[in-house]
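A note on names: the letters A, B, ... follow the listed sequences, proteins ahead of strands, and every chain is numbered from 1. All figures in this text were calculated on a predicted structure; none of them were measured in a lab.
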2 protein chains.
Amino acid sequence: MKQGIKQQSILLFEKKGFSETSIQDIVEALGVTKGTFYYYFTSKEQLLMDIHLGYIDDLLERQQKIQQSQLSNRKKLEELVALLITDIANHGPSGKVFFREMRHLCEENAVEVKAKREKFRKNLERIISDGIAEHEFRQGLEPEMIAFAILGVTNWSYQWFNPTGGISADRLAGIYSDLILNGIV
Amino acid sequence: MKQGIKQQSILLFEKKGFSETSIQDIVEALGVTKGTFYYYFTSKEQLLMDIHLGYIDDLLERQQKIQQSQLSNRKKLEELVALLITDIANHGPSGKVFFREMRHLCEENAVEVKAKREKFRKNLERIISDGIAEHEFRQGLEPEMIAFAILGVTNWSYQWFNPTGGISADRLAGIYSDLILNGIV
DNA sequence: AATTTCATACTAACTAGTTAGTATGTTCAG
DNA sequence: CTGAACATACTAACTAGTTAGTATGAAATT
């Protein structure tokens, strides 16, 4: 039942937003009562934290596998872009909640999640700066700004990309990797 | 007073979110009462719509000026990126509200705003496809996907870019234009 | 085998507080 | 003296969270 509440909440939070979804809404969708909710979660915010950690911890773990591989920095970057894009197909609603509802976490939890987000970003930045040092990428780039740009491209996809639509996740990842590596000129 | 309410609302919506900001909060920050608010606005949602239109209409207008110029497509693209990035410095709070709180618009208003957002995106797409046709950009690109990518890079900046921080809006715009045009390899 | 004990997984009813919106009244400039 | 620009006081609906209690089944004891 705990997983059921969590899954249902993700769907409702995605559709209506965190504040606009009452605990009543969640439990009614499952045919249980509020007591059930508070049997498994101590607060609405703890549930949100649970969703956040489930998302970012999984991403960090998969990022680490790429980082520890023996691939070139260029290939690592491509893999990372593919990881982020294909994740939309697999955990789209989770991701949307993650990107939109962080402000509803309490200070303490927000700090923890922010730290993990930054860790992910710094790991990406590392691939860029390593790639520059090893002459896989151009000299003179600003790794931090490039990392932000890449995250912008991929994370923004959550706003519009529909994996069941005209283009597949793999193909989109390819297009994005090509753009980041080669530009449009 | 109407403008004052709007400006104050933007600041509060940015900091706390739309649902978390009560009309009481808004009027108290201005030292007036709820009667004043409902004299100028018929509902909280209408105020949000007002903020949305103020933002997107301004952007569309400035985009049109770029589009109607005699610049090359490459230069138009650079100007557009600069427009979006420098806008953060000038209308940051407005933009954040625009990107985050659209789901609180009623169906009818959401459709109107969405149409204008798409118009902006289609205009950008047009620059890309014109540039390809005129051999300023590479052949074989997917203009729609490139447009989404560019919007991702620029719009994501709202999440992290602090214009008073270590890097200026102009410089960031330059870095982004360079990345989009030339890639990192 | 029968019975007591105890934990799990809930429910129904409640509290205490907040919210958007409204109805009506007041002030004051032209 | 009229209407624009407010203020006051209110309501109906909704909210997160609490509490006391219960059905069920499994384990322990007799």
Side-chain angles (χ1 to χ4, degrees), chain A residues 1-54 93 97-98 100-110 112-113, chain B residues 1-54 93 97-98 100-110 112-113:
Chain A
M1 175 58 58
K2 191 178 179 183
Q3 276 306 305
I5 291 173
K6 195 173 157 184
Q7 289 311 310
Q8 187 62 248
S9 302
I10 290 171
L11 294 178
L12 288 173
F13 289 167
E14 183 215 350
K15 192 162 60 176
K16 312 204 303 167
F18 178 77
S19 295
E20 292 67 31
T21 303
S22 68
I23 292 170
Q24 203 58 243
D25 291 338
I26 297 165
V27 295
E28 260 170 32
L30 292 165
V32 294
T33 59
K34 254 166 49 163
T36 308
F37 179 90
Y38 283 99
Y39 177 74
Y40 291 109
F41 298 95
T42 65
S43 70
K44 196 183 177 186
E45 194 252 338
Q46 195 223 54
L47 163 65
L48 183 63
M49 184 60 174
D50 218 75
I51 294 171
H52 267 78
L53 286 182
V97 172
F98 180 77
R100 287 194 320 210
E101 313 289 358
M102 199 171 72
R103 110 182 66 111
H104 297 109
L105 293 174
C106 70
E107 188 57 25
E108 190 191 336
N109 285 337
E112 186 182 339
V113 171
Chain B
M1 177 57 58
K2 190 177 179 182
Q3 276 305 307
I5 292 174
K6 196 173 156 184
Q7 290 310 311
Q8 186 64 247
S9 302
I10 290 171
L11 294 179
L12 289 173
F13 288 169
E14 184 216 351
K15 192 162 59 174
K16 312 204 303 168
F18 178 75
S19 294
E20 291 68 31
T21 303
S22 68
I23 292 170
Q24 203 58 244
D25 291 339
I26 297 165
V27 295
E28 260 170 32
L30 292 164
V32 293
T33 60
K34 261 169 45 161
T36 308
F37 179 91
Y38 282 99
Y39 177 74
Y40 291 108
F41 298 95
T42 66
S43 70
K44 195 183 177 185
E45 194 251 340
Q46 195 221 55
L47 161 66
L48 183 64
M49 183 60 174
D50 219 75
I51 294 171
H52 268 77
L53 286 182
V97 172
F98 181 77
R100 287 194 321 209
E101 314 289 359
M102 198 170 74
R103 108 182 67 109
H104 298 109
L105 293 174
C106 70
E107 188 57 26
E108 190 191 336
N109 285 338
E112 187 182 338
V113 171

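The phosphate of C:dC10 has neither OP1 nor OP2 within less than 4.0 Å of any side-chain N or O from A:Thr36. Phosphate proximity of D:dA7 to B:Tyr39: absent, as no side-chain N or O sits under 4.0 Å from OP1 or OP2.
Between A:Lys16 atom NZ and D:dT15 atom C1' the separation is 12 Å, expressed in whole Å. Atom C1' of nucleotide D:dT15 and atom NE2 of A:His104 are separated by 14 Å, given to the nearest angstrom. When rounded to the nearest whole Å, the span between CD of A:Gln24 and C1' of C:dT18 equals 17 Å. Nucleotide C:dA20 holds its C1' atom 14 Å from the CD atom of B:Gln46, rounded to whole Å. Distance, A:Ile23 CD1 to D:dT15 C1': 9 Å, rounded to whole Å. Protein atom OH of B:Tyr38 is 6 Å distant from nucleotide atom P of C:dA20, rounded to whole Å. Going from atom CD of B:Glu28 over to atom C1' of C:dT18 covers 13 Å, rounded to whole Å. Rounded to whole angstrom, the span from the CZ atom of A:Phe41 across to the P atom of D:dT18 amounts to 15 Å.
Within the 4.0 angstrom heavy-atom criterion, no nucleotide atom of any strand lies near A:Ser19. Within 4.0 Å of B:Thr21, counting heavy atoms only, lie sugar-phosphate atoms of the nucleic acid but no base atom. At the heavy-atom level, A:Thr33 lies under 4.0 Å from base atoms of the strands shown.
The nucleotide whose nearest atom lies closest to any side-chain atom of A:Tyr40 is, among D:dC6, D:dA16, C:dC10, C:dC10.
With hydrogens and angles ignored, a donor-acceptor pair closer than 3.5 Å exists between the side chain of A:Lys34 and the base of D:dA16.
Taking the six-membered ring where the residue is Trp, B:Phe13 and B:Phe18 present perpendicular rings, their angle passing 60° and hence far from 30°.
With DNA chain D read from its 5' end, the first of the two nearest nucleotides for A:Gly35 and B:Gly35 is the one closest to B:Gly35. Along DNA chain D, the nucleotide closest to B:Met1 and the one closest to A:Ser43 are compared, and the more 5′ of them pairs with B:Met1.
The local environment of NZ in A:Lys15 is sparse, with at most 12 non-hydrogen atoms from other residues, nucleotides or ligands closer than 6.0 Å.
Between B:Glu101 and B:Lys44 there is no salt bridge, since no side-chain N of the basic residue sits under 4.0 Å from a carboxylate O of the acidic one.
In this structure, A:Ser9 and A:Ile5 have side chains that are in contact, with non-hydrogen atoms separated by less than 4.5 Å.
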- Task: List the steps and the verdict of side chain to side chain contact (heavy atoms under 4.5 Å, CB included) for A:Glu112 and A:Leu53.
- Result: CA-CA 9 Å; A:Glu112 186 182 339; A:Leu53 286 182; 3.9 Å; yes
